[in-house]
Each structure stands twice: as C-alpha cells, then as structure tokens.
Amino acid sequence: MPEIPELSVIVHGPNVQDHLPALLDSLDSHPLTGVEVIVAAVGDWARETAERHTPAFTVVPLPEGAGDAAARAAGAARATGRWLHFVHAKDGLPAGAPRTVAEHAAALPGTVDVLLLDHVRSTWWASGLPSPDGPRLARAGSAPVALDACAPLLRATPLLGNRAVRAGFWRVHERLLTTDAEPFAANAALLLADHVACLPHPAFEDRRLRPGSLPPVPPEEWYARVDRHLGLLDLAAGRPAVYAVLYDLMVRDCLRTFARERMPRDVAREFFRRASLAVRQHRPEGYRLPAGLDGVRRTLLEDDAHRRYRALQGANRARRTLRSAVRDGRRRARTRVRSLQYRAALVAPVDPHLAVFSAYWNRGVACNPAAVAAKLAELAPSVHPVWVVTAAGAALLPPGTDHVVPGTRRYWEVLARAKYLVNNVNFPDAVVKRPGTVHLQTHHGTPLKHMGLDQMPYPAAARGLDFPALLARVDKWDYSVSANSHSTRMWQRAYPSRHVSLDHGYPRNDVYYTAGADEVRAVRERLGIAPGRRAVLYAPTHRDYEAGWTPRLDLASLADQLGEETILLVRAHYFYEDFASPLTGLRRTGRIIDVSSYEPVEDLCLAADALVTDYSSIMFDYANLDRPIVIHADDWETYRTTRGVYFDLMAEAPGPVARSQAELTEILTTDAWRDGRAAKARAAFRRQFCEYDDGRAAERVVRRVFLGQDERSLPPVLPLEQRTPAPRPEEVA
C-alpha cells in the first residue's frame, strides 16, 4: 500500500503575472518527504506550466475563469494527505517550508484541526518582509489551545495560506470554508476548529501583486464585506472572548475600508450606513469605546455620522500636514546649528592624543572597540579615549568613562578633532574624513550571512539600506580588523575600498586565552551557577523576515528534558529591545537565566559548558574556547534563501546539527554534543575560523594603528596547536 502523505500542498488558481513557474520550481527543487503537491490549474496557461512538472505533481485542470473556491475544492478532492495547505499560484513557499509543516503537523494530537503558520510578505517592489504575526504566534506557545482560551489568534492575518488544516476537518466543513472570500474562510476555520496549534516559523509567502487595469468593484462586493463579518459573529455566538475580538476586527476593517478604498460617493455612503447598523446592532455587552481619536471615529460610525466623519478626515489631514511642516522646520534648524558647530570644529587642528570609540550604534563600552581601548590605556596612555554613548546608556558606563551623547555640541567637536575614530559599525554619514585622521573598523563578527553590497539581492536584508551612502562610509576606513582569512576575503568583497586589512585577530577574543580558572569561577558565581552544574548558553541570531524575536525553542520544555543539573543561559539578539516578553515566567524556574542584557558576552562564553546557537557569529568566537557547540537549524533553508550565506553551515558546522527541538534534546541528553565526532567537527571549524585569535590581537592592533609599528615587528600569531584556551568549567569546579 502506498504511504499516506502527511501534507498535501494544494497550489490553485491561474498563472497570474507568471508567478506559478517559480512556485512550482521551488517545490520541485527540494525533497518533499511526506508531502504531495496537487496543482489545481485554472486555464491553459497554468495547466501547461504545471504539466511540465509531472509526474512529480498531480495536475487537476480547470477551465478558464474558475474561481479560487472551486479550484481549492477540486484540489482538495484529489488530495490524499492528512493535512491540507492551500497556496495560491501567485504566492510562494520559503525553501523547506513544506517539510517543516509536515513534520510539525505529524507531531500534533488528533484534536488539533488548524495549524497557524507565520509568513513573509512580498510586494511588486520588495520581497521577504516580516509579517506582524510571529510574536503573536510565539506568545500563544507550542501547545494546542482552544480558540476561546487564546482569542487574540484571530488577529493573525486572515489568509488560508498561513494555516494548514486537517483534511478530515476540511471535508466536514467544506461547504462553509469553500468560498472566494478568503478572509472569511481563514477565520471561519479557526472558529470551527476544536483546537489550534501555532508554528512561529515563516512557512508561506503572501505576495501582493501590483494591480493592472481592473474593472470597477461592484457595490455588492463592498457591502458583502460587512455581511461576511456578521457571518463570523454568528459563528462566535455564545463565546464572549472570541466574539469581542471579532467585533473589534469588524469595526477596524469597516473604518479602514471606508478611509482607504476608492468607492464612488454613493457606494461609500451606503457602505458607511450598513457598517453603522452592524456596529450598533452587534455591539457586545459591556463593550467600551477606546480613548482618543480611535474612540471618536468609532462613535461617529455608531452614530452613522457620515458627513462629520468626512469632516474629521479632512481636519486630520490638514493637521498632519501642518505638524509635518513644523517638524521639518525644526529639524532643518537643528541640522543647520549642528552643521555650523561641526564646521567650526573642523577648522581646529587634529588632536593626535584624542580617540573616539563607539560600539553597536552607541550602546556602550563593548566588543572589539572596548578591548582595543583597554589595551590602548596600557600601551599608549597619552591617547585620551572618549566614548559615544546614548543618553540612556550613559548611566551604565564604567565609572570615570569620558563620554559624549550623540547630537550634543561636544559630540561634534570630538568627532571633528580626534585623530582616531574606532567603531564596530559605521559613524554617521556627516562625519568628515580629515587628512591625518585614522578610521579603524573593527567589525563585530565573522560573516556567515551576506553583508554589505552582498545584501543587495535580498530585499528583507537590504530594506532601508542606502548602498551608495554605505560605500561612502566604507571609503573612510583606513583599517579593517579580521579574525580569519575567510573574513578578510568577505570584507573585501562586501565592502570594496582601499582600506588595509589587519589580519591580527579579534581583540574581544583575547580573553578566551588570557582568562584563568579564577575568572571562569568568578563569572559563574556572578551568574548563580552552582559548581558541578552544566551551563548551556543559548544565543540565537535575528531573522530579517521576522518582526520581533520569536523563540524557536520551547525553553521550559527543553529545561525539563535536560534536568535539574543543567542551567540554560538565554541571550536574545540585541536588535530586539522587547526580548524579555517571551521569557517572562521562565526565569522563575531557576534553570533558565535571562542574560540578554548581561555584558560583556565574553563572560557568558567563559561560564558556559556548551553553546547552542543557530546562525549567530557567536559560534566563531566561542570556538576559540574549544568547547562543544550545537547548531539548531530548524529554518536553515528559509534563512539561507532570504538572507544569503557565504558557506553551507550544514556541511561545515562546528558540531552536531539539530533540525528540530526533538533532535536538539536528543543531542544534549546523550553524549552526541561532546563525543569524538563533535570534537572532530569543532577542530576543523577552529582551524578555519580561529586563524588569528591567540590572545594578543588587541596588542597587535594598538601597536600597528596607534603606535605606528611595522607589521613585521608585531607579536606573531601563535599556531593553533600551541594555544591554551581558558580552562573549562569542569576543570575549575
């Protein structure tokens, strides 16, 4: 008997703007174990495109003009999978998404009818943009839930593509779910489900096409939007929490539709009247209007005050225009003042004894700049360091640290007069490269993901980047610090300019060779790690396609599986200021320590018996310690496709690779994390990426840049086999 597939991906619809071939090619280029593909192709164009992929896919030809509902129904009728995932021909699937969905669905209990997925968004000008749903799905957790206990899930983007449905459930409710009105079908599926589960992993690409010449929308279609909301409210009758969320969604959608859609005047007036009637008649008991302008809008809608609402819109537009003009005027005035102050300072002589340091966009004393500054104080105390730090970060500086806050008068004065400017990112565009000054770019990691100009083909990563301006900043560099020859090559490729590469190692990594048993013991005591307990540092990186930090692990479950003797040190990426919310409550267990705001990160590495990460550059630094590293790569294909990478981490990992939480748990609860195979992989990784780190990188950088010594007179890099890393925690317990 043929094996029943876990998942049926049902691609449906016409080949709109020729997006279908790319979707089918992406499905055909990756293994589809446990997955079947049904193509419900509408029209000859779509059918001919799909048939080029047979027999890999099952093609269901449909006549030109068949609607989306009919196409979904035809595809579902041919599907044999336990779960169905409907994907329109215009949309996309991130690499590896079907496999991820199938594996996750296979582990769900039979009471779960709908699996909510995170997604990315694409438009005609950009692709791979994060959705707002990831944090919401993460907050819901990984355990199946009844919708009544987690009604905010209804606020997830109402798409059929971002939810997989159990095939048996679909067939029971097919009459209600088979409709061309996708938002209605998407939310109806949640309302009818026994239980819902969440996968906060981008497994669908919602592509919004640039409209061509479209016929006018008939009035009945506008009015039907209100009717569909009322239909959902009917399904939620007797469920107060769910009903309240749906009511709020109805009000928001009606107001948004009225404000943004171009309806004829008479149609707009009738739409407003029908929406007003629906809002009044179906208002939940105890419902309270929100404060502020939103409450005013809703009051006007309830009162059917169409003319007053239009007047409010006009007044708000005028107010926004005026405020924008005032803000622009003030901004221009401040810019002129700063420019005059800076230009005046540029006339003064360069101070050969002044150095400006900054790290991580002015966050504080950290990373390679901090290690350089410390060694500078030892070898060249005549050079005075001034740190650029935000007003919020100034209170956290070490006592006695001379600093300036961005935008202040002294800030521009020191930038204008300092001979040395040291940063692990870039200084602002307005900073002038004066003759005789030295710009030292230390970087803050070894590149796995694409950087600089190499980000151009990846819109999610390149969003907001001005590449000509980036090159102008790069052209100010005199020196670029590198930890290995791989980094040297990639920096030259990503940041092409005339800078000199300092192949001296990363100064921040010196501590991994200079720290002794006392330092390791002391940092573990500060973190509250008792002697004899294993500490695992979990440090994931950020994803360009996610709106916020979404924990990819059920940390509470992992801690339970690892047992009482293991402590999880959890460090969210510094890009996410609101990182704490996913960890709320977990810290109280005593086996999960939130170290996201702990500095320096090098202390955490010294304290940890092992590192678990995904694609973070921390793996390259931690490898200097020659301690076990485990890679958790549940979304490698998506990450690689949306960001671009310089090498295949799956083939060159520094230790065992887990593609799921179950695999990670298996590795950490056996000897796989530290066995001979893991040690062999780590040794190869260290040879490649710990090339120049030997404990004297900061000294080489200071002597070369600040003391002007010839490269041949610098301390030579110690061969890897002659280096002695800091002692492991079990050696100092």
Does the pair Arg571 and Glu599 meet the rule for a salt bridge (charged side-chain N to carboxylate O under 4.0 Å, His left out), with working shown? CA-CA 11 Å; Arg571 186 176 181 84; Glu599 295 292 348; 3.0 Å; yes
Give a yes or no on whether a salt bridge exists between Asp466 and Arg473, defined as a side-chain N under 4.0 angstrom from a carboxylate O. no
Under the side-chain contact (heavy atoms from CB on, under 4.5 Å) rule, what do Val536 and Ile567 come out as? Steps first, then yes or no, please. CA-CA 6 Å; Val536 176; Ile567 299 291; over 6 Å; no
Tell me yes or no: between the side chains of Arg534 and Thr566, is some donor less than 3.5 Å from an acceptor? yes
Between Leu415 and Val404, is the side-chain contact (heavy atoms from CB on, under 4.5 Å) condition met? List the steps. CA-CA 10 Å; Leu415 284 176; Val404 291; over 6 Å; no
Is Asp603 salt-bridged to Arg526, cutoff N-O under 4.0 Å? yes
Salt bridge check, Asp454 against Arg493: does any charged N sit closer than 4.0 Å to a carboxylate O? yes
Below 4.5 Å, heavy atoms only, C-beta onward: do His384 and Val386 meet side chain to side chain? yes
Among side-chain atoms of Tyr513 and Asn624, is any donor-acceptor pair under 3.5 angstrom? yes
Is the shortest side-chain N to carboxylate O distance from Arg659 to Glu637 below 4.0 Å? yes
Heavy-atom side-chain proximity of Val612 to Leu664 below 4.5 angstrom: yes
Can you list every salt bridge (Lys or Arg N to Asp or Glu O under 4.0 Å) pair that touches residues 706-720, not counting sequence neighbours? Arg704-Glu711, Asp710-Arg712
Taking Arg703 for the side chain and Gln709 for the main chain, is one N or O donor matched with an acceptor at less than 3.5 Å? no
Please confirm whether His499 and Trp477 have ring centers closer than 6.0 angstrom. yes
Under a 4.0 Å threshold between the charged nitrogen and the carboxylate oxygen, would Arg728 count as salt-bridged to Asp609? no
Evaluate the criterion ring pair (Phe, Tyr, Trp, His ring centres under 6.0 Å) for residue pair Phe647 and Phe689; output intermediate values, then yes/no. CA-CA 12 Å; Phe647 65 92; Phe689 296 112; 5.2 Å; yes
Would you check if the distance from the ring center of Tyr622 to the ring center of Tyr512 is below 6.0 Å? no
Can you find a pair of side-chain heavy atoms, one from Asp614 and one from Ile631, that are under 4.5 Å apart? no
Would you say the side chain of Phe685 lies within less than 4.5 Å of the side chain of Glu652, judging by non-hydrogen atoms? no
Give the ring-plane orientation class for His444 versus Trp361, where under 30° counts as parallel, over 60° as perpendicular and anything between as tilted. perpendicular
Testing the 3.5 Å rule here: is there a donor-acceptor pair between the side chains of Ser480 and His443? yes
Less than 4.0 angstrom from a charged side-chain N to a carboxylate O is my criterion; do Glu413 and Arg410 meet it? no
If you measure from the Lys or Arg side-chain nitrogens to the Asp or Glu carboxylate oxygens, is any gap between Arg682 and Asp626 under 4.0 Å? yes
Side chains of Asn484 and Tyr692: any donor to acceptor distance under 3.5 Å? no
In terms of heavy-atom contacts, Leu604 and Leu569 come closest through O-CD1, 4.5 Å
Can Lys433 and Asp478 be counted as an ion pair, charged N to O under 4.0 angstrom? yes
Side chains of Asn368 and Asn424 only: does a donor on one sit below 3.5 Å from an acceptor on the other? no
Side-chain contact test, heavy atoms from C-beta onward, threshold under 4.5 Å: evaluate it for Cys605 versus Ile618 and give yes or no. yes
Decide whether Asn362 and Ser358 meet the rule of one side-chain donor and one side-chain acceptor closer than 3.5 Å. yes
Hey, does the side chain of Thr669 reach the backbone of Thr665 with a donor-acceptor pair shorter than 3.5 angstrom? yes
Evaluate the side-chain proximity of Glu519 to Thr514: yes if any heavy-atom separation is below 4.5 Å, no if none is. no
Does any donor atom in the side chain of Thr541 or Ser616 lie under 3.5 Å from an acceptor atom in the other side chain? no
Could you walk me through whether Leu527 and Val595 pass the side-chain contact (heavy atoms from CB on, under 4.5 Å) test, one step at a time? CA-CA 9 Å; Leu527 291 168; Val595 293; 4.0 Å; yes
Hey, are Arg543 and Asp118 close enough for a salt bridge, meaning a charged N less than 4.0 Å from a carboxylate O? no
If we only count heavy atoms from C-beta on, is the Lys419 to Leu354 side-chain gap below 4.5 Å? no
